Amino acid sequence: MSFGLLLTLFIALFAFHEIALAQNGTVTTRHYKFNIQMTKVTRLCHTKSMVTVNGKFPGPRIMAREGDRLLIEVVNQVPNNISIHWHGIRQLHSGWADGPAYVTQCPIQTGQSYLYNFTVDGQRGTLWWHAHVSWLRSTVYGPLIILPKKGVPYPFTKPYKEVPIIFGEWFNVDPEAIISQALQTGGGPNVSDSYTINGLPGPLYNCSAKDTFKLKVQPGKTYLLRLINAALNDELFFSIANHSLTVVEADAIYVKPFETETILITPGQTTNVLLKTKSKIPNASFLMAARPYVTGQGTFDNSTVAGILQYSKSPKKIPLFKPSLPALNDTAYATNFTNKIRSLATVQYPANVPLKVDKRFFFTIGLGTSPCDQQNGTCQGPNGMRFSATVNNISFVQPNTALLQSHYSGQSNGIYSPDFPISPLTWFNYTGSPPNNTMVNNGTKLVVLRFNTSVEVIMQDTSILGAESHPLHLHGFNFFVVGQGFGNYDPNKDPKKFNLVDPIERNTIGVPSGGWVAIRGMVYALSFGSSHELGIEDGLVGFGWKVTQSKAFSAAKRSS
């Protein structure tokens, strides 16, 4: 996988109202404490000391109900700075709590603590949390599960049991050393040594037969699998041998149910599926396996992680069936799967996609190059340069002061500038022959929008240094995916095909390799962007929105 997919683009949106009561007029407050600590962990016969939460890998599960208030104290006991992002939580009343370092907060320093305070407003489903500094999220992550309000049923078959399944990665060496080396050399980081399911590599890797996730099930039951892709870089295909899955939710949004043999899940995404077990105990057990979907020309972890689905009271010595996964580069399957995901769009769970658009943006996403700052003057990127990911040829420069802090203190001059280009400065055939000049511009730039603005953003992949898929996450907010396609976006033809009836509402989407995606949303928040999920502190893509004239300003000041 090339460096562009590693440098996942993120737009950050954050709101600043006082914490409101849930719709029923009461709030249940749930308290959690995260101790960030070093813990010795062994995988693939390699033991290392790594950063964890409460000594667990993956970290502890957070459980809440829609309308609950969460108070999560994070205590940093490791040498690294840390912050925690609550991935997918709509921070409509609590922008200070979203967690991306140097955007909404300065990171928590060694020996310090921070209390995250937010209310889960109008959401239910599977989300997750993770570190948001550098590559610490390779080990610091966990599920965040939001149940419906008491007495409110799921809009699908009530499951017999619910099981979180979180995909991740294992590195035999310190991931911080890997990304540090990549930033120094200007090339792509080394890939992981294995993928994991709930922290376990599984039987297809050496020295890992005992480190296998096993899902034990009863015959004739329905299980809700809460799938999370916490891998740093790779989109994954997932399937269970001889079993079909029914997709019922994506990114904590109920969807029109559909059956599939294999799902595709992008880094940062969550997908809930129903697994209906066989009516009688079969004379077999079944691998549940995941491997990458690959675009681009770079290196990637070409391996398969597996767990085992076992029926209770089945014989010990029985065959083990393996699933048939799509080819690594099966873009047709990936596209077909993505197009099936539609919002439920009912009276109870409507798809309130904006029909009127106030502001339109066209962003080109891809790779470029920047000069090498090594003493010898050369790097491992193209033509002795370093890779840089860009939006509209702007590569983000991370500030030393949190963007939100600089705004509310009235000291934003010199921290950021509100002149991010709303369209490419230079137009070209984005998916055709790339331009000769691949040099990027650098800066900490934002787009300024007014409160309650409806926005449409076209994200266009480019072929500069190679076309590839680019996962996009909207911090603290959701968006509707109204259209996508391959080739160059056509503003005259493509909008006529937009889905404005039941488009999926998500917080993370993959911009297709050699294609485009169109999203719409309402800006209810004071928002700042320009942070990659990976937290790489050099050569980042940068974009952000800052909303003006919002009543949220004074509320945020009172809560700060």
Side-chain angles (χ1 to χ4, degrees), residues 4 7-13 354 356-370 388-397 416-450 453-465 467-474 477 479-498 509-523 527-530 532 540-548:
L7 294 180
T8 309
L9 169 69
F10 288 84
I11 300 172
L13 287 173
K356 173 181 173 292
V357 175
D358 298 320
K359 295 288 185 180
R360 286 183 165 86
F361 301 90
F362 185 85
F363 294 155
T364 55
I365 305 173
L367 290 175
T369 57
S370 58
S388 291
T390 72
V391 175
N392 286 348
N393 206 43
I394 303 294
S395 193
F396 180 64
V397 176
Y416 65 83
S417 59
D419 58 349
F420 189 93
I422 65 174
S423 61
L425 299 177
T426 302
W427 296 78
F428 60 97
N429 182 1
Y430 308 115
T431 56
S433 298
N436 293 327
N437 183 8
T438 62
M439 295 293 289
V440 307
N441 298 314
N442 299 282
T444 309
K445 297 177 181 291
L446 308 178
V447 170
V448 178
L449 296 173
R450 292 190 178 275
T453 299
S454 59
V455 175
E456 178 182 282
V457 183
I458 309 299
M459 314 294 294
Q460 173 73 60
D461 183 37
T462 68
S463 59
I464 301 176
L465 302 183
E468 61 180 356
S469 174
H470 297 271
L472 162 77
H473 171 57
L474 193 66
F477 215 66
F479 54 79
F480 290 93
V481 182
V482 297
Q484 55 187 324
F486 291 97
N488 294 333
Y489 172 75
D490 188 329
N492 297 315
K493 297 180 180 180
D494 288 326
K496 298 176 182 178
K497 298 179 286 186
F498 282 179
I509 190 68
V511 179
S513 177
W516 56 271
V517 64
I519 64 174
R520 286 189 182 183
M522 293 295 296
V523 179
S527 55
F528 295 85
S530 46
H532 279 281
L540 300 188
V541 171
F543 166 73
W545 293 346
K546 184 185 79 173
V547 182
T548 60

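None of these values were measured; they are calculated from a predicted model.
Taking the six-membered ring for Trp and the full ring otherwise, Trp516 and Phe362 have centroids separated by 6.0 Å or more.
Scanning all heavy atoms of the two residues, the minimum distance from Pro512 to Asp461 falls at O-CB, 3.4 Å. In terms of heavy-atom proximity, Pro421 sits nearest to Phe363 at O-CE2, 3.8 Å. Taking all atoms of both residues into account, the shortest heavy-atom contact from Pro495 to Tyr489 is CG-OH, 3.1 Å. The minimum heavy-atom distance between Ala389 and Ser395, with the atom names listed, is O-OG, 3.1 Å.
The shortest side-chain heavy-atom distance between Leu449 and Val455 falls under the 4.5 Å cut-off. Lys497 is not listed as a side-chain neighbour of Gln484, based on a closest heavy-atom distance of 4.5 Å or more. Side-chain contact between Gln460 and Thr431: present, with at least one pair of heavy atoms (C-beta onward) separated by less than 4.5 Å. A heavy-atom distance below 4.5 Å is not found between the side chains of Pro354 and Phe479. Considering only heavy atoms from C-beta on, Asn488 comes within 4.5 Å of Asn429 through its side chain. A 4.5 Å side-chain heavy-atom check between Val391 and Phe420 finds at least one atom pair inside the cut-off.
Under the side-chain contact (heavy atoms from CB on, under 4.5 Å) rule, Ile519 has a single partner from Val457, Ile458, Val482, which is Val457.
In this structure, the separation between OH on Tyr416 and NZ on Lys445 is 13.0 Å, given to the nearest 0.5 Å. Summarising the geometry, atom CD1 belonging to Ile509 is positioned 11.0 Å from atom CE belonging to Met459; distances are rounded to the nearest 0.5 Å. Note that CG of Asn393 is 13.0 Å distant from CD1 of Ile365, once rounded to the nearest 0.5 Å. Rounded to the nearest 0.5 angstrom, Ile464 CD1 and Thr390 OG1 are separated by 6.5 Å. Lys356 NZ to Met522 CE: the interatomic distance, rounded to the nearest 0.5 Å, is 8.0 Å. Separating the CD1 atom in Ile394 from the CG atom in Asn441 is a distance of 4.5 Å, to the nearest 0.5 Å.
Formation of a donor-acceptor pair under 3.5 Å by the Thr462 side chain with backbone atoms of Thr364 is not found in this model.
Using cut-offs of 30° and 60° for the angle between ring planes, the Tyr430 and Trp427 rings count as tilted.
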